[in-house]
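Read through the structure below, which is laid out as structure tokens, and then see the notes.
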Amino acid sequence: MVALYTVAVRGNRRRTVRTGVVAAPASGTVSVVAGIDVAQPQRAPLLEMPWPLVPLLLGELVRGRREEVRAYAGRAARAEAETASPCTNSPPAAPPWRTSAPS
């Protein structure tokens, strides 16, 4: 479970989906092979298949939240840099097609 969470947190979304596509059927197969007494308290292998998806989804949420916080921090830094730069209240420059000042 820790390995699946780590894959989701450190990888990209495509890698997480591929891992889920492999891990869910593998979990169902292991529950069928292991037998009803050991691995299937619900008595149905299909109910065992979603368990590997839980740490993947949690890791995906954490990674997405970290990306969002990084984006917010970047925007805040840019906004702070813009307010720290000196403002000039001079009028805009004349367009290049104008050769003389307006009369």
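Hydrophobic clustering (side-chain heavy atoms under 4.5 Å, transitive across Ile, Leu, Val, Met, Phe, Trp, Tyr) keeps Leu61 apart from Leu57.
Heavy-atom minimum distance, Pro55 versus Ala8: O-CB, 4.4 Å.
Summarising the hydrophobic clusters (Ile, Leu, Val, Met, Phe, Trp, Tyr; side-chain heavy atoms under 4.5 Å, direct or chained), the residues clustered with Val2 are none. Chaining together hydrophobic side chains whose heavy atoms lie under 4.5 Å apart places Val9 alongside Tyr5, Leu58, Val62. Hydrophobic cluster membership of Leu53, counting Ile, Leu, Val, Met, Phe, Trp and Tyr whose side-chain heavy atoms lie under 4.5 Å apart directly or via other members: Leu4, Leu56.
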Which donor-acceptor pairs under 3.5 Å do side chains of residues 65-75 form with protein atoms, sequence neighbours excluded?
| residue | atom | partner | partner atom | Å |
| --- | --- | --- | --- | --- |
| Glu67 | OE2 | Arg63 | NH1 | 3.0 |
| Glu68 | OE2 | Tyr72 | OH | 3.0 |

What pairs of donor and acceptor atoms, side-chain ones from residues 22-30 against any protein atom, are under 3.5 angstrom apart with sequence neighbours left out?
| residue | atom | partner | partner atom | Å |
| --- | --- | --- | --- | --- |
| Ser27 | OG | Glu48 | O | 3.0 |
| Thr29 | OG1 | Pro25 | O | 2.8 |

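By the side-chain hydrogen bond (donor to acceptor under 3.5 Å, both in side chains) test, Arg13 is found to be paired with Glu60, residues two or more places apart in sequence or in another chain being considered.
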### Working for side chain to side chain contact (heavy atoms under 4.5 Å, CB included), residues Val21 and Arg18
CA-CA 5 Å; Val21 167; Arg18 278 191 251 142; 5.7 Å; no

